[in-house]
Number of protein chains: 2
Amino acid sequence: METLAQPLTEIKVILFSLQHHALQVLVHAHDSQSFVSFPSRAIQSDLSLEESAQSCLKLFLPAEEIYLEQLYTYSDSKTRQRQHLISIVYFALLPNNKIDLASEQVAWMQVHEQRHFNDAEKEMLEYALRRLRYKLEYTAVGFELLPETFSLTDLQRTYEIILDEALDKRNFRRRILQANIIEPTHYQKKGEGRPATLYQYRSDAVAEIKTRRLFP
Amino acid sequence: METLAQPLTEIKVILFSLQHHALQVLVHAHDSQSFVSFPSRAIQSDLSLEESAQSCLKLFLPAEEIYLEQLYTYSDSKTRQRQHLISIVYFALLPNNKIDLASEQVAWMQVHEQRHFNDAEKEMLEYALRRLRYKLEYTAVGFELLPETFSLTDLQRTYEIILDEALDKRNFRRRILQANIIEPTHYQKKGEGRPATLYQYRSDAVAEIKTRRLFP
DNA sequence: AGAATAGTGTCTCTCAGACATTATTTG
DNA sequence: CAAATAATGTCTGAGAGACACTATTCT
């Protein structure tokens, strides 16, 4: 392949979901190869970057609109062997109840199974995880991994899985309710034990949490 | 101009400095045109993105190594008239004492004078300013705008200019010293009034500040 | 001596974090 | 009624934020 003056530019998406009490990531399997990668697609000139990222996922998922956020732009400049490749990477979250896949080319994989990624993708995944944890701690992004209504216990489990630590039930509830970002619905989740009130994200909520600044 | 399949990809740098008690940004003046833009440069395949950004600044500044951080990647896809352009934007900070320019093509401009930018660049600048304020509040990035040694008053002025609010002297000092990111030197700043102890950034400092998490 | 700037300590009030019991439902 | 899960309140300690005076140097 000839080296062109301009680099090749692709969009890549790292899509997370929660399943089986673990954080999962969507991977693209390559025929007859042992490694996997994140879904990616050449840039489309008639779409915005975010639209390109959405369309990249639509190839594999029935879901309509997916929560997306630009993560970082990587370049593989140093590898002189190949065409210079620039990857604009997005980070995405999929609700629990929309995890069915529309293609055999992709699959869910636990984030801890990193052996199948190459080093560049491992780095991207690490960074995406850091961003996810960070966003989760300081904003209300956790809802994006749950269905429209959810119990406070569901929400707490989500945070516990991603942050990988146990949280105190009373403190968790106090703070998430004080933050005023969710509101109770009139629905209840039934099952074993006492039914739980289902909550929903307040559409008018200001999701950013006031944190402690270094300077007043 | 023909529309190519692949977009054109450039690096753009928004460089800030402090001068005359105001935040300044480096702009590139275009001959016989009334608008200005941020320095930019086509991607170089043999350099990493950050190296490209550094080289983009070296055209105009004698300074060696400049503090840089990737800001965001923008695309102008919707404008069908022109070649599709992708801009990988970096955000940079220059110490006070290195603001001399090596080229007539560029100049410092107060960040509030936004009338000379086009809408896309205005948006980038807004975002860069938000990032700068954010970083300043939660990390120790403020030092990057000052010489290697500085007085606590210098530092406080820096924060006040960028955050655009007055800070309490005692609280500021207490917290910056507790954060353990700077240390006193044996030098003093002389001038009118009592001489000030000069401080320097601790090279081994962990610059990230522990903030108040939404969840424990 | 006066002008200019550097440097310092305390109190209050809010909120993070630790912690155990009662309430409601199902089988 | 036993098992399962939901829901709830209090106390303590740390730190944010408000606030005013003394110290050192220069002219």
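Quick caveat, the model's predicted, so the values are computed rather than measured. Within every chain, numbering begins at 1; the chains are lettered A, B, ... in the order of the sequence lines, protein sequences first and strands thereafter.
- Taking B:R157 as the reference, B:T153, B:E160 meet the side chain to side chain contact (heavy atoms under 4.5 Å, CB included) condition, with sequence neighbours excluded.
- Shown here for A:R202 and A:I182, the closest heavy-atom pair between the two residues is CG-C, 3.8 Å.
- Taking OG from B:S151 and CG from B:L146, the interatomic distance works out to 8.5 Å, rounded to the nearest 0.5 Å.
- Here the P atom of nucleotide D:dG9 and the CG atom of A:L177 are 12 Å apart, to the nearest Å.
- Put simply, CD on B:E165 is 15 Å from P on D:dA16, counting in whole angstrom units.
- Rounded to whole Å, the distance from CD on A:Q178 to C1' on C:dG17 is 13 Å.
- Atom-to-atom distance recorded for B:L68:CG and B:L94:CG is 10.5 Å, nearest 0.5 angstrom.
- In this structure, the side chain of A:T9 does not engage the main chain of A:I43 through any donor-acceptor pair within 3.5 Å.
- One can place CG of B:L152 at 9 Å from C1' of C:dG7, the figure rounded to the nearest angstrom.
- From one end of the helix from C:dA1-D:dT27 to C:dG27-D:dC1 to the other, with five pairs defining each end axis, the axis direction shifts by 0° (rounded to 10°).
- Atom OH of B:Y187 and atom P of C:dA6 are 20 Å apart (whole Å).
- The distance from atom CZ of B:F172 to atom P of C:dG7 is 12 Å, rounded to the nearest whole Å.
- None of A:Y199, A:Y187, A:F143 except one satisfies the ring-ring contact (aromatic ring centres under 6.0 Å, His included) rule with A:F150; the exception is A:F143.
- Between A:Y67 and A:F91, the two ring planes are perpendicular [angle over 60°; tilted spans 30° to 60°].
- Side chains of A:T149 and A:Q200: a donor-acceptor N/O pair is absent below 3.5 angstrom, by distance only.
- Scanning residues 142-150 of chain A for heavy-atom distances under 4.0 Å to DNA chain C yields an empty list.
- One N or O on the side chain of A:Q54 and one on the backbone of A:I66 form a donor-acceptor pair closer than 3.5 Å.
- Applying ring-ring contact (aromatic ring centres under 6.0 Å, His included) to B:H28 and the options B:F60, B:F38, B:W108 leaves one that passes, B:F60.
- Between the P atom of D:dA7 and the CZ atom of A:R175 lies a distance of 19 Å, rounded to the nearest Å.
- The side chain to side chain donor-acceptor pair (under 3.5 Å) analysis of residues 115-127 of chain B, with sequence neighbours excluded, yields the pairs B:K12-B:E121, B:E113-B:R115, B:Q114-B:E126, B:Y127-B:R131.
- Side chain of B:R41 to backbone of B:A53: no donor-acceptor contact under 3.5 angstrom is found.
- Computed from coordinates, the B:D154 CG to C:dT5 P distance equals 12 Å when rounded to whole Å.
- Side-chain polar atoms of A:E50 and A:S48 form no donor-acceptor pair below 3.5 angstrom.
- Taking only side-chain nitrogens and oxygens, A:R173 comes nearer than 4.0 Å to OP1 or OP2 of D:dA7.
- Between D:dA7, C:dT8, D:dA16, one nucleotide has an atom nearer to the side chain of A:K169 than all others, and that is D:dA7.
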Using a cutoff of under 3.5 Å, can you pull out all pairs of nitrogen or oxygen atoms linking the protein to nucleotides 23-25 of chain C, with atom names and distances?
from, atom 1, to, atom 2, distance (Å)
C:dA23, N3, A:R194, NH1, 3.1
C:dT24, O4', A:R194, NE, 3.4

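- For A:T197, no side-chain nitrogen or oxygen approaches OP1 or OP2 of D:dA6 to under 4.0 Å.
- Aromatic ring pairs are classed by plane angle as parallel below 30°, tilted from 30° to 60° and perpendicular above 60°; the pair B:H30 and B:F35 is tilted.
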Nucleotide by nucleotide, nucleotides 9-14 of chain C touches protein heavy atoms under 4.0 Å in the pattern (B base, S sugar-phosphate only, - none) BB----
